[in-house]
There are 2 protein chains.
Amino acid sequence: MKRRQPIAPLDTDPPAAGKTPAARAAAAKAGPRKRDNVGAADARIYDAIFQAVMLHRLKPGMKLPEPQLCELFGVSRTLVRKALQRLAGDHIVDLRPNRGAVVASPTPEETREIFAARRAIEAAIMPLVIANATPARIKVLREAIDAEHEALHQPSQREWAQRAGGFHTLLAEQGGNRVLAAFLTQLMSRCSLIVALYEAPGDALCEHEEHAELVARIATGDTAGAIALMDAHLHALEARIRLPKPEEAPDLAALLGLGA
Amino acid sequence: MKRRQPIAPLDTDPPAAGKTPAARAAAAKAGPRKRDNVGAADARIYDAIFQAVMLHRLKPGMKLPEPQLCELFGVSRTLVRKALQRLAGDHIVDLRPNRGAVVASPTPEETREIFAARRAIEAAIMPLVIANATPARIKVLREAIDAEHEALHQPSQREWAQRAGGFHTLLAEQGGNRVLAAFLTQLMSRCSLIVALYEAPGDALCEHEEHAELVARIATGDTAGAIALMDAHLHALEARIRLPKPEEAPDLAALLGLGA
DNA sequence: CCGGATCTAACTGAATACAGTTTGATGTGG
DNA sequence: CCACATCAAACTGTATTCAGTTAGATCCGG
């Protein structure tokens, strides 16, 4: 017999899960197909997996079997597959033909490309933020930094506040370009996978001081300075990732004792 | 009775289309489910629609009814829907709940955001291209420009060669960052929709001279110059789009004769 | 002849059914 | 005791079915 260990780390939210297909059918019989019941179930599944990945509760390589997701969310495979396909489109899961979905594992090469892309996007966002800056918005940024700083002391909140990357997301919002913001969202989710994969010394998190200094430069309208600092900030973050180096990434011959 | 005018402008490629579901079933009966027969049918559908949009054969607002796509490609709605969902994820089609898929119509606001994002991405690509530049690669770029210039004289090829934006795609490839290249691909497809929507005087195309000058700056390693020129090039392209201005974008009151 | 209610074919959304594939477990020969 | 063939449960891929919605066409009153 095959093993079937359940997926714990998912937050299934609204409709109580765990119903069997039969139970689900019975419940549905109540009214003649209630439509507005829960609506976009696939979005719930997408979000639950997305958040679980951001929080490192789902780690790279973990399997996501469709039948289990069906039970957890109380829907048919149709909607589960829809969600998984969207997640695959965003490179959060990997859909291996005939072998099911797993949480994606970015390669070292992809890692470099993702960070380079992040630097490009976030640098491009800085002038937009500065152009839109108002005292009220600067205040919002400062409060976000304080909130994250605060959250560091409550261990339970810490992961979430930091890993959601609220400050960077907030900057993208203030930039006002939703296309760039969407790109950044995707890149940040992939960064979360990278951090989970190549776990760094002391867990790779953003430096608060750099965020604060960044806001200072935004407030004074120092575009070049803000871009330079953001670039350095992201380089530092990348440097904290322990990428498997060529020497650690061992060719087969050596492992087999066939080396020089 | 409802009208059902067929979708002409699609290139269905491999397996002869137009089979009825019954005919398809019969054909499949031949062997006990041949698998490697055509394989990724959804990719074929995706590509066909993608290309048709790039060539402006499918224009914004056009409906894409699932049953017709099923007949055209000889598959069930399952795969058609899969392809449409991917296209929606890339903002090439718009999935209106209960009302079917249509080719997307970017708004003026989205247009500005898309072009701003394109400038950011393509600017970020320039230093990568320069860093990777070799005489051989420069030659490839020059040949691409020549080929596009050539194609201008064959009206049949003209559209394709120009609208596919081969030169920009080639730069993205030479940059060697596949994440940025993928972002650019998406942005270029959306630009194609924009051009189709807000048709410009003389059809908005890239200036060849600017491409040639760009290669010159790449060849001499003039990073700042290349970035600046690319930025200007894309600004010029955007300027050629006739965006509906506030005065053309008519408030209802005026149209009803209730204005001042 | 025009505007609006009514009907229904065509269509979309989601579940289910069915055909294959993978993969771990079991059994067997060396 | 281990390597390998065999088997079946669990799972994935695609088609099909069923329920509900939309929207063009028809019918009717003014």
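Only this structure's heavy atoms are used, side chains among them; waters, hydrogens and symmetry mates stay out. Proteins come first, then strands; the chains are lettered A, B, ... in the order of their sequence lines, and each starts at number 1.
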Between [N] ([atom2]) and [X] ([atom1]): distance, integer Å:
{"X": "B:L84", "N": "C:dC11", "atom1": "CG", "atom2": "P", "answer": "14 Å"}
{"X": "B:E71", "N": "D:dA15", "atom1": "CD", "atom2": "P", "answer": "14 Å"}
{"X": "B:R96", "N": "C:dA10", "atom1": "CZ", "atom2": "C1'", "answer": "14 Å"}
{"X": "A:Q68", "N": "D:dA9", "atom1": "CD", "atom2": "C1'", "answer": "14 Å"}
{"X": "A:K82", "N": "C:dG13", "atom1": "NZ", "atom2": "C1'", "answer": "8 Å"}
{"X": "B:L95", "N": "C:dG13", "atom1": "CG", "atom2": "C1'", "answer": "11 Å"}
{"X": "A:R77", "N": "D:dA10", "atom1": "CZ", "atom2": "C1'", "answer": "11 Å"}
{"X": "B:R44", "N": "D:dT14", "atom1": "CZ", "atom2": "C1'", "answer": "14 Å"}

*Only counting residues at least two apart or in another chain, list the ones meeting side-chain contact (heavy atoms from CB on, under 4.5 Å) with B:A181.*
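If we apply the side-chain contact (heavy atoms from CB on, under 4.5 Å) test to B:A181, skipping adjacent residues, the hits are B:A172.
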*asked:* Quick check on C:dG13: is either OP1 or OP2 less than 4.0 Å from any side-chain nitrogen or oxygen of B:R81?
replied: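 True: B:R81 side-chain N/O within range (under 4.0 Å) of C:dG13 OP1/OP2.
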*May I ask you to evaluate whether B:R99 reaches the phosphate of D:dA23, defined as a side-chain N or O under 4.0 Å from OP1 or OP2?*
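Yes.
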Side chain of [X], heavy atoms from C-beta onward: which of [options] has the nearest atom to it?
{"X": "B:T78", "options": "C:dG13, D:dT16, D:dC11", "value": "D:dT16"}
{"X": "A:N98", "options": "D:dT14, C:dT21, C:dG13", "value": "C:dT21"}
{"X": "A:P65", "options": "D:dT12, C:dG13, C:dA14", "value": "D:dT12"}
{"X": "A:V75", "options": "D:dT14, C:dA14, C:dA15", "value": "C:dA15"}

_Counting the atoms with a prime plus P, OP1 and OP2 as sugar-phosphate, which does A:K63 contact under 4.0 Å by heavy atoms, base, sugar-phosphate, or nothing?_
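No contact at all - A:K63 keeps every heavy atom at 4.0 Å or more from the nucleic acid.
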*salt bridge (Lys or Arg N to Asp or Glu O under 4.0 Å) contacts in which one or both residues fall within residues 178-196 of chain B, not counting sequence neighbours*: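 Output for this query lists A:E109-B:R178, A:E113-B:R178.
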*Do you know which of B:V179, B:N177, B:L234, B:L187 makes side chain to side chain contact (heavy atoms under 4.5 Å, CB included) with B:I121?*
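Of B:V179, B:N177, B:L234, B:L187, side chain to side chain contact (heavy atoms under 4.5 Å, CB included) with B:I121 is met by B:L187 alone.
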*Between A:P106 and A:L197, which heavy-atom pair has the shortest distance, and what is it?*
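So the minimum-distance heavy-atom pair works out to O-CD1, 3.4 Å.
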_Restricting to non-hydrogen atoms, name the atom on A:A83 and the atom on A:Y46 that form the minimum distance, rounded to 0.1 Å._
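Looking at all heavy atoms of both residues, the closest pair is CB-N, 4.0 Å.
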*Please figure out whether A:P97 or A:D42 has its closest DNA chain C nucleotide nearer the 5' end.*
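This one resolves to A:D42.
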*Confirm from the modelled atom types if A:S76 and C:dA14 form a donor-acceptor pair under 3.5 Å, side chain to base only.*
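No, the side chain and the base share no sub-3.5 Å donor-acceptor pair.
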